[in-house]
2 protein chains.
Amino acid sequence: MSSHVRVGAVEHRPLYLGLAAELRAAIVDGGHPPGSLLPSEAELAAAHGVSRGTVRHALSLLAAEGAVASRQGARSVVLARPRTQSFGELLSFSAWARSLGEEPRGRMVELRRRRATDAEADRLAIRAGDAVFGLVRVRLLGAVPVMIERTTFVESVGELLGELRLEVDSIYERLAERGVVFAHARHVIEALPADARDAALLDIPEGTPLLRQQRRTTSPDGTPLELSDDRYLGTAVSFVISNSVVQTSLERVRGAGEEG
Amino acid sequence: MSSHVRVGAVEHRPLYLGLAAELRAAIVDGGHPPGSLLPSEAELAAAHGVSRGTVRHALSLLAAEGAVASRQGARSVVLARPRTQSFGELLSFSAWARSLGEEPRGRMVELRRRRATDAEADRLAIRAGDAVFGLVRVRLLGAVPVMIERTTFVESVGELLGELRLEVDSIYERLAERGVVFAHARHVIEALPADARDAALLDIPEGTPLLRQQRRTTSPDGTPLELSDDRYLGTAVSFVISNSVVQTSLERVRGAGEEG
DNA sequence: CAGTGGTCTAGACCACGTG
DNA sequence: ACGTGGTCTAGACCACTGA
């Protein structure tokens, strides 16, 4: 049944991704509404001309998204309409804004080449005093400022920033085109009051609750690429996380700032 | 594998879980420090007498925890020491507190059988006006109040609460003993200012930033069991998320050609 | 180039759930 | 009792990494 229409550059997409996309679309379109049961794995395998292992791989993706749940002995159930994929959206304000139907905008506050502090050097796996690039932007949804983004890039990545139009570009999308791949991220989320600078940049009273997302992102081989401290207006943004007994992506740790 | 003797009512744990636990322990103990490369999948398979598929299953768990990363063509690398995390710790303040070496404590504020609001009924998949149990507790670490827990249980679960000593017991652990299984959860996390009641319960000034975690938990088959609104002192607690690029996140359907 | 992980298949047995 | 998902094996080919 496979339609091998090959367009442009895109070549081999793994079968399980195509199957997952198809099932995801069927759930979103209402073909498999929440609460309904999916066809059995054997049926899906036969219908798509793939092995059961491939079907299970596809279903495991949907399970990780919180879209379906499976139990031994019973058919998988649809839990909810899946949200758009998380990784890119957790990283990229632009991608996230567009998924909301908003036009992502930004205001550049500062881009500066400087020396890494000891804490930064440690977390970026470089030497203290090595050069890094610090970037500060205020991001808007519509006309409203909703977050402050303070990012520290390692030198090799930061050097590429000069070519970008930082007022509008999505850094992550542009860097991806240049071969800089962000593959893993660790986020620490907490609440804190806006300090004087936060308040000025977001045009809010000092002390307003902000949601802080600290992030450390690495390349596929684990090399640190950036640190980020993003502060969202608590009323404008929230994070959604789904987890299951087997799949846990969320962890609660004792606070006190600094992620070590 | 070779002759394995069944001893009585041996509980048999899947091989991939045992292998994952072993690798996790080796990483924590320093046998595989962050930055180091793991043995190849073939070597791990041979060393443990299992197939490569089982090894991959185990590694996928560690990858989901953010402990290891793998790329095609290269050996998997250790990213970080995994923090212990179980689904239970996410739900259960008690389990989490104990993992910190603290004695979990709580102060019961209210337990009441009442009628579900429309919004609650909708999210719990029951009829508006059906009976639910509302529970409010203040949880302490040491002597310090760090969170307010407001939970709404469906009737069948709430009925079991009467038997518990809510000042000390972990609800989730006790309910698990009674066969109530919490399997999936969806969390919404945001920042908000403490209102007058929050402030009184936590003994803090009104307006103090709190981290709110709203949660909806379901049984393995997707039946909603509880809603919860937990508010943490922003300075006492933070959440950590690890994620990786799953190929699904690269999936982007665009009509026209790929333009830079 | 050899080694490695990524994908996929085919088949097997088991534990569980539902009628 | 039967169908279902959960686990596991063995083997195959490919795409990629790294010396």
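Protein chains get the first letters and strands the later ones, always in sequence-line order, with residue 1 at the start of each.
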Does a nitrogen or oxygen in the side chain of [X] sit under 4.0 Å from OP1 or OP2 of [N]?
{"X": "B/Arg71", "N": "C/dG5", "value": "no"}
{"X": "A/Thr54", "N": "C/dT9", "value": "yes"}
{"X": "A/Ser70", "N": "D/dG6", "value": "yes"}
{"X": "B/Arg75", "N": "C/dG5", "value": "no"}
{"X": "A/Tyr16", "N": "C/dC8", "value": "no"}

Is any side-chain N of the basic residue among [X] and [Y] closer than 4.0 Å to the acidic one's carboxylate O?
{"X": "A/Glu65", "Y": "A/Arg24", "value": "yes"}
{"X": "A/Arg113", "Y": "A/Glu159", "value": "no"}
{"X": "A/Arg215", "Y": "A/Asp230", "value": "yes"}

Assuming nearest nucleotide by heavy-atom distance, tell me which of B/Glu43 and A/Leu15 is located more 5' along DNA chain C. B/Glu43
Nearest nucleotide by nearest heavy atom, which residue falls closer to the 5' end of DNA chain C, A/Ser51 or B/Ala74? B/Ala74
Check the distance between [N]'s [atom2] and [X]'s [atom1] and give it to me in whole angstrom.
{"X": "A/Arg13", "N": "D/dA15", "atom1": "CZ", "atom2": "C1'", "answer": "18 Å"}
{"X": "A/His57", "N": "C/dG5", "atom1": "NE2", "atom2": "C1'", "answer": "13 Å"}
{"X": "B/Leu38", "N": "C/dG3", "atom1": "CG", "atom2": "C1'", "answer": "16 Å"}
{"X": "A/Leu37", "N": "D/dG5", "atom1": "CG", "atom2": "P", "answer": "10 Å"}
{"X": "A/Arg56", "N": "D/dT9", "atom1": "CZ", "atom2": "P", "answer": "15 Å"}
{"X": "A/Leu44", "N": "D/dT4", "atom1": "CG", "atom2": "P", "answer": "11 Å"}

Would you kindly compare B/Pro14 and A/Asp221 by the position of their nearest DNA chain D nucleotide and give the one closer to the 5′ end? B/Pro14
With respect to the side chain of A/Glu41, which nucleotide from D/dC8, C/dG5, D/dG5 is positioned closest? D/dG5
Looking at the side chain of B/Gln72, which of C/dT7, D/dG6, D/dC16 is the nearest nucleotide? D/dC16
When A/Phe153 is tested against each of A/Leu225, A/Leu135, A/Val132 for side chain to side chain contact (heavy atoms under 4.5 Å, CB included), which residue passes? A/Leu135
What I want to check is whether the side chains of A/Thr217 and A/Glu226 have a donor and an acceptor closer together than 3.5 Å. yes
Donor/acceptor link under 3.5 angstrom from B/Arg52 side chain onto base of C/dG6: yes
